[in-house]
There are 4 protein chains.
Amino acid sequence: MAKEETSAKKPGRPRDPAVEAAVFAAARSLLGEVGYDAVSMEAVAAAAGVGKQTLYRRWPNKAALLVGACLVDATERVADPATGNLEGDIEQFLGGTFAALETTGPGLRFLMSQAGLDPSFRERFDADFASRRRDALREIICRHVKARRQVGPVIDMLYGAMWYRLLLGHGPLDARFARDLAAAAARALAA
Amino acid sequence: MAKEETSAKKPGRPRDPAVEAAVFAAARSLLGEVGYDAVSMEAVAAAAGVGKQTLYRRWPNKAALLVGACLVDATERVADPATGNLEGDIEQFLGGTFAALETTGPGLRFLMSQAGLDPSFRERFDADFASRRRDALREIICRHVKARRQVGPVIDMLYGAMWYRLLLGHGPLDARFARDLAAAAARALAA
Amino acid sequence: MAKEETSAKKPGRPRDPAVEAAVFAAARSLLGEVGYDAVSMEAVAAAAGVGKQTLYRRWPNKAALLVGACLVDATERVADPATGNLEGDIEQFLGGTFAALETTGPGLRFLMSQAGLDPSFRERFDADFASRRRDALREIICRHVKARRQVGPVIDMLYGAMWYRLLLGHGPLDARFARDLAAAAARALAA
Amino acid sequence: MAKEETSAKKPGRPRDPAVEAAVFAAARSLLGEVGYDAVSMEAVAAAAGVGKQTLYRRWPNKAALLVGACLVDATERVADPATGNLEGDIEQFLGGTFAALETTGPGLRFLMSQAGLDPSFRERFDADFASRRRDALREIICRHVKARRQVGPVIDMLYGAMWYRLLLGHGPLDARFARDLAAAAARALAA
DNA sequence: GTATAAGCGAGACGGTACGTCATGTCTTGAG
DNA sequence: CTCAAGACATGACGTACCGTCTCGCTTATAC
């Protein structure tokens, strides 16, 4: 097939793979500490022990860098649930997602806030992060549900509830909330 | 003591009342056109024909100014529905809410983003606006549902879905979405 | 007429006159210490306790700033010689000129370099400074010499020798050099 | 002695002799077009179709490279004069030198200006270029003159006059100027 | 042959400075 | 005391080069 000619040997020194890890770690740490606005490319570069040009070589702007930094742990933290039934799978998925928010919550809240403020970041954040999370949840739900039409709104309700509480803080994102949401979703999706 | 002669004749030139209106108009217009980040105090001052010092005399920073400019959006505007059944009432309430977003959407989106960024504003915004909207929806739902325990999460799901789409823009906030959400909620709340 | 009300009261805060003095002092000091290339606008700003923007508001670039800072060096300071004979007058004139270079040398060297790099400054520097010095020397020489045709090249030789050593530093600009040049010039101009 | 084991067969691939020519051509061309400051090693490398490392392997810095590039044509362009008398030889030497400036003048002007700005470049430029030209002229003069003591200042006067006009542009560097300088120098050196 | 060693084009790397922009403060003169 | 104007110190922006460091390749001598 030779489809993957992408990895043809390029000339010049190859990119140092350690850079990405160092940058993402620095970026996540700063994001959690001081918030999106106060994260500067200079600070990320300094914290990661990296030149500014190296950041701009790999990410076009701060938004892309931070989304990349958060994307990694969100996708790798939530295990695929397998309880066998719809409600249980949803509960487990949401429970895992909420648990991850213990550490990633502040950073993600900043990113979603930024999405509300900046249209171009909005697109990138949805395409690279939020829509992927919706797809992951959709896949789980669709294992048990045939009526596809109802699934979309229910996914928006589930993730919506999560973000709503994450942004406003008027209620906890705990195991009980996961259970309540899962129960409501399961009933909503029942034939 | 009557020390608080607030309206006592203060020395010096009085504040020009036209300034606030001009500034708010300029600010909302810029916010709609270019987005929060690209709004600068300098641009607001120039657009309003006002000196920068005048802005800083009245608002401590850009966020506060824009919050002031947008707070008028966070006002009740949805008529009380009366279709007689749960699903119909929810659909009508959400439909009205979504319709109002046509004009108030950008302002509210900015306010919710600001709530995500600023904890003190978060509290104020939830207490003065968001929780009141939840209460209004709760009252409507509770006309038809006795099982109170399930209501809270469903309200978060409904408003959550709305905000989720408002912030990310990945799907429309239209009559059909109101209908789908109402149907799902009604099933979730059914005994 | 009064058209030239250049100094008409302009609105806004007036420029702080202390800035120019502080900047020039910092610039000349840095120029003397580290040389033109190593002088950075950032260092000048820091040393003068001034913001970078303030520098760029007043001077378009580093060269212009330093030219301003050094132009004070380009001022007449040599007393008119009166030894009665050609060789003595030349020697005394050059000796005085060389002595002044003790302090003004670095600044003048920079200015001449700048003249070599920037054609428009070249014209200005020649008209306002270098040609006047040549005229001064010419007047002294012409007191003793009638053959005008030979004078021009000799003046270029004398000032040329000075600048050549000032720029390259391959030989001293001292009393002995003044004497040697005067002797050579006197012979060259002899009938 | 075999001290000069320079040409000992060294292991590894030998240096490509075409590189130096390509680099010098590119460097001279850039120097003439945009001036010393605006010449960057990256641009030279790109223009010569050469890697940056190749430049740094052969020249320690930009200054050395550009001096090298200009040295070549200055030394090879001026033929050894042989008119038989002092004044004629000087005139012919200067005439040839001035003629070469038609093409090399702008580049050399940049280099001399840079020498005035940068002490470390100053040394290199004098050692590798200017002092060699003075030596060439000294040799010619010393064929006819025994009184060595007067020669040094006269050489500074001759080359000084040339650079003075090259930098300030207040007079032409033509055959007549060469003749006038030669005549003055010959008289100055006469017993 | 087959190491070994250096040169080569390319380009990523940690840095420094650039010149621009916006922040929030300050200082004018006018009202 | 407010207002419009604009200078001020500060600090991040994104770019351009610096001089160094890998890469994979080429081109020599040495074993």
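Chain identifiers are assigned alphabetically (A, B, ...) following the order of the sequence lines, protein sequences preceding nucleic acid strands; residue numbering begins at 1 within each chain.
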Discussion item. I need the minimum non-hydrogen distance between A:A64 and A:N61, along with the two atoms involved.
Written reply: N-OD1, 2.9 Å

Worksheet entry | Of B:A45 and C:D16, the one whose closest DNA chain F nucleotide lies more 5' | B:A45

Worksheet item: Any side-chain N or O of B:R15 less than 4.0 Å from the OP1 or OP2 oxygen of F:dC1?
Response: no

Discussion item. Strictly by salt bridge (charged side-chain N to carboxylate O under 4.0 Å, His left out), give each pair with a member in residues 25-50 of chain C just once, sequence neighbours left out.
Written reply: C:R28-C:D73, C:E42-C:K52

Worksheet item: Any salt bridge (charged side-chain N to carboxylate O under 4.0 Å, His left out) pairs touching residues 113-123 of chain D, not counting sequence neighbours?
Response: none

Practice prompt. In whole angstrom, give the distance that lies between atom CZ of D:R57 and atom C1' of E:dA10.
Written response: 12 Å

Worksheet item: So, is D:R58 close to the E:dA6 phosphate, meaning a side-chain N or O under 4.0 Å from OP1 or OP2?
Response: no

Collect all protein-nucleotide pairs involving nucleotides 23-26 of chain F in which both atoms are nitrogen or oxygen and the distance is under 3.5 Å.
unit_1 : atom_1 : unit_2 : atom_2 : d
F:dT26 : O2     : D:R13  : NH1    : 2.9

Discussion item. I need the full list of ring pair (Phe, Tyr, Trp, His ring centres under 6.0 Å) pairs touching residues 17-48 of chain C, with sequence neighbours left out, sorted by first then second residue.
Written reply: C:F24-C:W59, C:Y36-C:F110

Worksheet item: Between B:L167 and A:G116, which heavy-atom pair has the shortest distance, and what is it?
Response: CD2-CA, 3.9 Å

Discussion item. With the threshold set at under 4.0 Å for non-hydrogen atoms, list the residues of residues 19-37 of chain B touching DNA chain F in residue-number order.
Written reply: B:V19

Discussion item. Whole angstroms only, please: what is the CG-P distance between A:L55 and F:dG14?
Written reply: 11 Å

Worksheet entry | Short side-chain N/O contact to E:dA12 OP1/OP2 from A:T54, under 4.0 Å | no

Discussion item. Each nucleotide in nucleotides 15-22 of chain E should get exactly one letter: B, S or -. Can you fill that in based on protein heavy atoms under 4.0 Å?
Written reply: B-SBBBBS

